[in-house]
Protein chains: 2
Amino acid sequence: MIESTEGNGHNHKILRLPTIKRLPTYLHILKRLQAEGEEYVSTTALINELDFKPILVRKDLVLMGIPGKPRTGYCLKDIIQAIEKFLGWNNVDEAFLIGTGALGSALLGHKPFEENGLKIVAGFDIDPERVGKVIHGKKIFHLSKLKELAHRMGVKVGIITVPWQSAQEVADVLIEAGIVGIWNFSMLKLKTPPEVVCHNENLSGGLAVFSVKLQQRRENLL
Amino acid sequence: MIESTEGNGHNHKILRLPTIKRLPTYLHILKRLQAEGEEYVSTTALINELDFKPILVRKDLVLMGIPGKPRTGYCLKDIIQAIEKFLGWNNVDEAFLIGTGALGSALLGHKPFEENGLKIVAGFDIDPERVGKVIHGKKIFHLSKLKELAHRMGVKVGIITVPWQSAQEVADVLIEAGIVGIWNFSMLKLKTPPEVVCHNENLSGGLAVFSVKLQQRRENLL
DNA sequence: TAGATTGTTAATCGATTAACAATC
DNA sequence: TAGATTGTTAATCGATTAACAATC
């Protein structure tokens, strides 16, 4: 029933995941350089602060359609603007966060989110100890209030930071409340309808890589 | 991006990063199945709870040297043990965490770390408001105490959760204190000597991917 | 035996790197 | 012009998927 007469395929430049993940790193360094008064930057200069090869950076910028000038490099203002626009970080999405344990509380107070287009406006929990409290300036409501508040405030994004056992239950509440995007920090693969965007964050993947590196370090010492 | 083992090479089975990042996900599901009383699992059954294709799981298990039985699948106890051993999650590393802001506090109380081989034993900060406090059961010391405590307690791992401006400074303190592994959550690329293992966590990469997915969702609606 | 599943070998796909021409 | 840097096209490298033989 939902048909996209004009919204097929390539209404938006399609970047690949590895590229997208690198963008915030670029952005951070570019802003630093800008704050230091620079106006242009070359990819060779950029990678001083980076782990990548210059050609990779150039490929990424080409993919985003950002033009550079031979000999001078890229205009900082232009790349910054292009990246922020591409990521949608220039206009802010309001979000609800469900699950105010250690991780959830942290995200409630995580500054970079607000600066990067995602503003958490309220927290939710079912623990009576937590409901009614204020964490990092954000009020915690009972989960049963979510649907009503979502409609009243027009919030369309949910962040799940509950243990995996209750993650699906929470997802169902969000879907019922008309949320269109879910950022899932739990270990459970959620069942969601196709029209809801769901992104699973795999925090333990990072720990795994670190653990293996540590082990290899240890073995190399022997 | 692929970090090869630097040194001699094959003292340890070498897994690739994508495989390593998938291991915790496998582990989590395998343990769930075990708790439900299962003894064997086939890759076809596994991917019900997963986003991957069965062949990919089998390839990963082969890489780790875990044998399966045609028709029956893999012995849960064996895979779980093999993965935990590979990740070094059966013996616990003690770690210091530096920077007790929102993110740092969260990690101090993040249960899965303890269960997965990384035990944070103390926090550090320079803010007098925070020094002396106890967060999630862990005492916060002044950064100037780190070196002495590291030696006394034999701690060899550091987790950096300070803003990027002070990250290098903190890293220098850790290196000076004889730490061998650094898990860096700041946005700064740290300068570390080759004998120190350094793993940079890119949290904003996840946000970037989620942001793009949200945008695409929005565009498809039009 | 019949059937399901593993695990090997080859094919495909995607991402990074290299070479180099185009540009200012 | 000389030199540095971009950006294109091709080569390489790595990861995933497919096909299928081996196994219980």
Side-chain angles (χ1 to χ4, degrees), chain A residues 9-10 13-23 25-26 29-30 33 38-79 82-83 202 205 208-209 212, chain B residues 1-6 9-10 13-23 25-26 29-30 33 38-79 82-83 202 205 208-209 212:
Chain A
H10 42 100
K13 277 154 291 185
I14 278 129
L15 298 202
R16 296 150 308 165
L17 253 91
T19 299
I20 295 174
K21 285 191 187 147
R22 282 190 290 267
L23 295 182
T25 316
Y26 297 152
I29 296 166
L30 296 167
L33 291 172
E38 302 289 331
E39 282 192 44
Y40 285 85
V41 67
S42 71
T43 50
T44 31
L46 247 188
I47 44 98
N48 288 337
E49 319 281 332
L50 233 42
D51 270 333
F52 324 126
K53 301 250 161 67
I55 176 65
L56 188 55
V57 180
R58 253 176 295 142
K59 263 281 162 69
D60 286 342
L61 296 181
V62 167
L63 279 171
M64 294 220 304
I66 301 168
K69 285 185 198 147
R71 263 195 53 83
T72 15
Y74 298 82
C75 170
L76 280 172
K77 195 159 70 67
D78 290 353
I79 333 184
I83 294 180
N202 175 14
V209 174
V212 170
Chain B
M1 194 165 298
I2 301 301
E3 221 86 328
S4 62
T5 40
E6 300 265 294
H10 44 100
K13 275 155 293 182
I14 280 135
L15 298 202
R16 296 148 307 162
L17 277 171
T19 298
I20 295 173
K21 285 189 188 147
R22 282 189 291 265
L23 295 182
T25 314
Y26 297 152
I29 296 167
L30 296 168
L33 290 173
E38 302 290 331
E39 283 193 42
Y40 285 85
V41 68
S42 72
T43 51
T44 31
L46 246 189
I47 43 95
N48 287 337
E49 318 284 331
L50 233 41
D51 270 333
F52 323 127
K53 301 250 160 68
I55 177 64
L56 188 55
V57 180
R58 256 177 292 143
K59 261 281 161 68
D60 285 342
L61 296 181
V62 166
L63 278 170
M64 296 220 305
I66 301 168
K69 285 186 197 143
R71 263 192 55 85
T72 16
Y74 298 82
C75 170
L76 279 173
K77 196 159 69 67
D78 289 352
I79 334 183
I83 294 180
N202 175 15
V209 173
V212 170

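Convention: sequence-line order gives letters A, B, ...; per-chain numbering from 1.
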Kindly list each side-chain donor-acceptor pair under 3.5 angstrom involving residues 61-79 of chain B, sequence neighbours excluded, with atom names and distances?
{"unit_1": "B/K69", "atom_1": "NZ", "unit_2": "B/Y40", "atom_2": "OH", "d": "3.0"}
{"unit_1": "B/T72", "atom_1": "OG1", "unit_2": "B/K69", "atom_2": "O", "d": "3.4"}

When the distance from [atom1] of [X] to [atom2] of [N] is rounded to whole Å, what number comes out?
X: B/L50; N: D/dT17; atom1: CG; atom2: P; answer: 12 Å
X: A/Y74; N: C/dT23; atom1: OH; atom2: P; answer: 15 Å
X: B/L63; N: C/dT6; atom1: CG; atom2: P; answer: 16 Å
X: B/D60; N: C/dT6; atom1: CG; atom2: C1'; answer: 15 Å
X: B/I20; N: D/dT16; atom1: CD1; atom2: P; answer: 12 Å
X: A/K21; N: C/dA15; atom1: NZ; atom2: P; answer: 11 Å
X: A/M64; N: D/dG7; atom1: CE; atom2: C1'; answer: 15 Å
X: A/L61; N: D/dG7; atom1: CG; atom2: C1'; answer: 11 Å

Original post:
Which nucleotide in the set C/dT16, D/dT6, D/dT16 lies at the smallest distance from any side-chain heavy atom of A/R16?
Top reply: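 Within the option list, the nearest is C/dT16.
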Subject >> For A/L17, side-chain contact (heavy atoms from CB on, under 4.5 Å) partners two or more places apart >> reply: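 Listed in chain order: A/K21, B/V209.
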**OP:** Apply the test side chain to side chain contact (heavy atoms under 4.5 Å, CB included) to residues A/L15 and B/V212: give CA-CA distance (whole Å), side-chain angles for both, the deciding distance (0.1 Å), then the verdict.
**Re:** CA-CA 9 Å; A/L15 298 202; B/V212 170; over 6 Å; no
Original post:
Do B/L30 and B/I83 have side-chain heavy atoms sitting under 4.5 Å apart?
Top reply: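 B/L30 reaches B/I83 side chain to side chain.
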Those residues that, when tested against [X], pass side-chain hydrogen bond (donor to acceptor under 3.5 Å, both in side chains) (two or more places apart):
X: A/N202; result: A/S204
X: B/E38; result: none
X: A/E39; result: none

**OP:** State, to 0.1 Å, how close B/I47 and B/P54 come at their nearest heavy-atom pair, and which atoms those are.
**Re:**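 Closest approach of B/I47 to B/P54: CG2-N, 3.8 Å.
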Original post:
Among residues 66-73 of chain B, which contact DNA chain D at a heavy-atom distance under 4.0 Å?
Top reply: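 Per residue number, the list reads B/P70, B/R71.
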Original post:
For residues 40-49 of chain A, which residues have at least one heavy atom under 4.0 Å from DNA chain D?
Top reply: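 Correct list: A/S42, A/T43.
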Original post:
Using a heavy-atom distance cut-off of less than 4.0 Å, which residues of residues 52-59 of chain B contact DNA chain C?
Top reply: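 Heavy-atom contacts with DNA chain C come from B/I55, B/R58, B/K59.
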Subject >> Dot-bracket summary - DNA chain D, pairs being Watson-Crick or G-U whose distances fall under 3.5 Å, with | when paired to another strand >> reply: ..||||||||||||||||||||||
Original post:
Can you list every pair that meets salt bridge (Lys or Arg N to Asp or Glu O under 4.0 Å) and has a residue in residues 51-62 of chain B, with sequence neighbours left out?
Top reply: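 Output for this query lists A/K189-B/D51, B/R22-B/D60.
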**OP:** Please state whether the phosphate of C/dT16, meaning OP1 or OP2, lies under 4.0 angstrom from any side-chain nitrogen or oxygen of A/R22.
**Re:**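 Yes.
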